[in-house]
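Shown next, in structure tokens, is the structure this report addresses.
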Amino acid sequence: MKVVIAGAGEVGTHLARMLSKEDHDIVLLDDSPENLSKISNEVDLMTVIGSAHSFSDLKKTDLGKADLFIAVTPFEERNVLACAMAKYLGVSRTIARINNQEYLQEKYRAKLADMGINELIYPESLAAKEIVAAVKQTVTRQMIEFSGGKLLLLGIKVRDNAPVLNKTFEELSIEHQHLLVVAIKRDNETIIPNGHDSIQNDDVVFFITTPSEQANVLEITGKKQFDVKNIMFMGGSRIAQKAVEKLGENYRIKIIESDRERCEEIADRFSNVLVINGDGRNLDLLKEEGIDKMDAFVATTGNSETNILGCNLAKTLGVRRTVAEVENLAYMKLADNTGIGSIINKKLIAASYIYRFTLNAEISKVKCLTASDAEVFEFIAKPGAKITLKPVKDLGFPAEAKIGGVIRGNMGYIAHGYTQVQEGDKVVVFTLPSGIKKLEKFFK
């Protein structure tokens, strides 16, 4: 597939890295020679210096032969215009990064489609959804719902009080048939386990299970869910505001924001939120505002280091649930190792969302697992696809990948060796990067 990406910022470059691991023909367009130079030194791609809203510069990328055009510059209006221009120049499919919730309304999406914009991505809204999920699901590092919650993926840090510790997965599958471990993150390495492996202290374990068995997973991992009512946000960014909007009226929320003008905007927008103008790194201010009474602390300033430090400070002051927005990819593993409850990175979320459009298979969901280079996919089994021809144990599935479960109609099922995937099933698959390309032949 030939893919043209406009915008060599962090979303564009991360997407280019993901696609470079496969056999795609990638062209990266940006008006900054410096940005293009950085990525071209580490990724095999073609770079073009130019503007995303210039016909002559777009033509330099040979757009007419491209299958996909992705506009992810920092400027919404430039992305929308670039996609319309790219469609005029003959590209098959376009995706635009936006910053305006209005564009997602059905009546406007139809108009944008008429202009040549096939897909819209709003990273701040996607990140806000992750924050809300992290606040509501207080004992997991990450929770992903498939097909409206018919299957769940739970990423749980296992401590030495867990009953499941040191049990092999063969034993686990006999005792608990409605859950499956698809991966373990241990010492910064992601492992696809086999039956003889076992869970060790401090592993982050990724379980696939059904909603009815969720409580059982928490029990065997020694976790106890607690309710969140009081939430403190450090930073009143757009992501924070979207998260507050999605949380609704059922929480007592405080936002500490250093910019006075933004404080006034937030206070005018949300009648149920107490806004404090101040520095969230100030320990005296945090104590004065009752951080010890908070159930959750969410750090969403524009600075990754500040967010990591803020969450760790909140933990020392007794806050049980912490969530940090960490946009600097170099700090992701550091943040994960400090024990922050959940880590949010809107660039990874956006790149994962876009990535599904580059695969030669029908995919309803792609999610990146936090602080890991692994991905989890929700494939749709096409008529006659290889995945439907034999039971799972006879498929010769890639060693780097694992089928976690199958959603058929309104029911989700854990996958076992004798599971037979049927046409139209949604199949949840966990994979390391080296397995992604191998998966296509099973689902196309």
Side-chain angles (χ1 to χ4, degrees), residues 1-100 116-124 127 237-238 302-305 325-332 345-355 357-358 368 373 433:
M1 178 183 283
K2 181 179 175 71
V3 182
V4 178
I5 303 171
E10 289 192 291
V11 174
T13 54
H14 183 72
L15 192 57
R17 288 187 190 96
M18 291 174 72
L19 296 176
S20 70
K21 294 170 184 172
E22 297 159 37
D23 231 0
H24 296 297
D25 179 10
I26 308 164
V27 183
L28 187 58
L29 171 70
D30 197 275
D31 54 13
S32 168
E34 184 181 353
N35 286 350
L36 292 173
S37 177
K38 286 179 187 175
I39 186 68
S40 63
N41 289 332
E42 53 179 293
V43 175
D44 182 20
L45 48 67
M46 174 184 170
T47 59
V48 174
I49 300 171
S51 169
H53 56 279
S54 162
F55 277 113
S56 58
D57 289 342
L58 287 170
K59 285 179 181 178
K60 292 177 189 175
T61 67
D62 204 12
L63 256 181
K65 297 179 181 176
D67 303 286
L68 181 63
F69 177 77
I70 304 165
V72 285
T73 78
F75 309 103
E76 173 184 73
E77 63 280 0
R78 186 177 297 183
N79 295 334
V80 171
L81 178 59
C83 283
M85 294 165 70
K87 182 65 79 167
Y88 174 78
L89 292 173
V91 75
S92 300
R93 191 182 189 96
T94 64
I95 302 174
R97 175 183 178 174
I98 60 168
N99 302 316
N100 187 343
I117 298 94
N118 299 115
E119 303 289 343
L120 298 169
I121 179 165
Y122 184 9
E124 284 77 9
S237 64
R238 283 191 305 186
N303 185 287
S304 296
E305 299 98 309
E325 180 192 356
V326 181
E327 296 301 335
N328 188 328
L329 295 174
Y331 291 126
M332 291 286 285
N345 182 296
K346 70 174 183 287
K347 300 176 184 73
L348 292 180
I349 296 167
S352 290
Y353 182 89
I354 294 169
Y355 184 68
F357 298 105
T358 69
C368 171
D373 58 355

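The structure displayed is predicted, hence computed values, not measured ones.
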Minimum heavy-atom distance F357-M1, with the two atoms named: O-CE, 3.9 Å
Presence of salt bridge, D31 and R78, under 4.0 angstrom: yes
Under the side-chain contact (heavy atoms from CB on, under 4.5 Å) test, residues paired with Y88 that sit two or more places apart: F55
Check: T61 side chain, V27 main-chain N or O, donor-acceptor pair, under 3.5 Å: no
Non-hydrogen atoms of S40 and S37 that approach each other most closely: OG-O, 3.0 Å
Flag, side chain of T73 to backbone of G7, donor-acceptor distance under 3.5 Å: no
Any donor-acceptor pair under 3.5 Å from E327 side chain to K346 backbone: yes
Distance (rounded to the nearest 0.5 Å) between L19 CG and T358 OG1: 5.0 Å
Straight-line distance of R93 CZ to I117 CD1, nearest 0.5 Å: 13.0 Å
For D25, salt bridge (charged side-chain N to carboxylate O under 4.0 Å, His left out) partners two or more places apart: K2
Minimum heavy-atom distance S92-K87, with the two atoms named: O-NZ, 2.7 Å
Pairing residues for E10 by the salt bridge (charged side-chain N to carboxylate O under 4.0 Å, His left out) criterion, not counting sequence neighbours: K347
Of L45, V4, L15, the residue whose pairing with I26 passes side-chain contact (heavy atoms from CB on, under 4.5 Å): L45
Residues M332, L348; criterion side-chain contact (heavy atoms from CB on, under 4.5 Å); working and verdict: CA-CA 11 Å; M332 291 286 285; L348 292 180; 3.6 Å; yes
Derivation and outcome, side-chain contact (heavy atoms from CB on, under 4.5 Å), residues V91 and L68: CA-CA 6 Å; V91 75; L68 181 63; 5.7 Å; no
Worked check of salt bridge (Lys or Arg N to Asp or Glu O under 4.0 Å) between E76 and R97: CA-CA 6 Å; E76 173 184 73; R97 175 183 178 174; over 6 Å; no
Any N99 side-chain heavy atom under 4.5 Å of R238 side chain: yes
For the student: nearest non-hydrogen atoms of M85 and L58, plus distance: CB-CD1, 3.8 Å
Non-neighbouring partners of N345 that pass side chain to side chain donor-acceptor pair (under 3.5 Å), sequence neighbours left out: none
D57 (side chain) donor-acceptor with S51 (main chain) under 3.5 angstrom: yes
side-chain contact (heavy atoms from CB on, under 4.5 Å) evaluation trace for S20 with D44: CA-CA 7 Å; S20 70; D44 182 20; 5.8 Å; no
Exam field: side chain D30 to backbone A8, donor-acceptor pair closer than 3.5 Å: yes
Point-to-point distance, once rounded to the nearest 0.5 Å, from CD of E119 to CD1 of I354: 10.0 Å
OG1-CE distance between T13 and M18, expressed to the nearest 0.5 angstrom: 12.0 Å
Smallest separation among heavy atoms of T94 and A86, with atom names: CG2-CB, 4.4 Å
I95: which of N79, I121, V72, I5 passes side-chain contact (heavy atoms from CB on, under 4.5 Å): I121
Non-hydrogen atoms of A52 and A82 that approach each other most closely: O-CB, 3.1 Å
Residue N41 excluded, over 12 heavy atoms near CG under 6.0 Å: yes
Nearest-0.5 Å distance, CD1 of residue I98 to CG of residue L120: 4.5 Å
Partners meeting salt bridge (charged side-chain N to carboxylate O under 4.0 Å, His left out) with K59 (sequence neighbours left out): none
Set of side chain to side chain donor-acceptor pair (under 3.5 Å) partners for E77, sequence neighbours left out: none
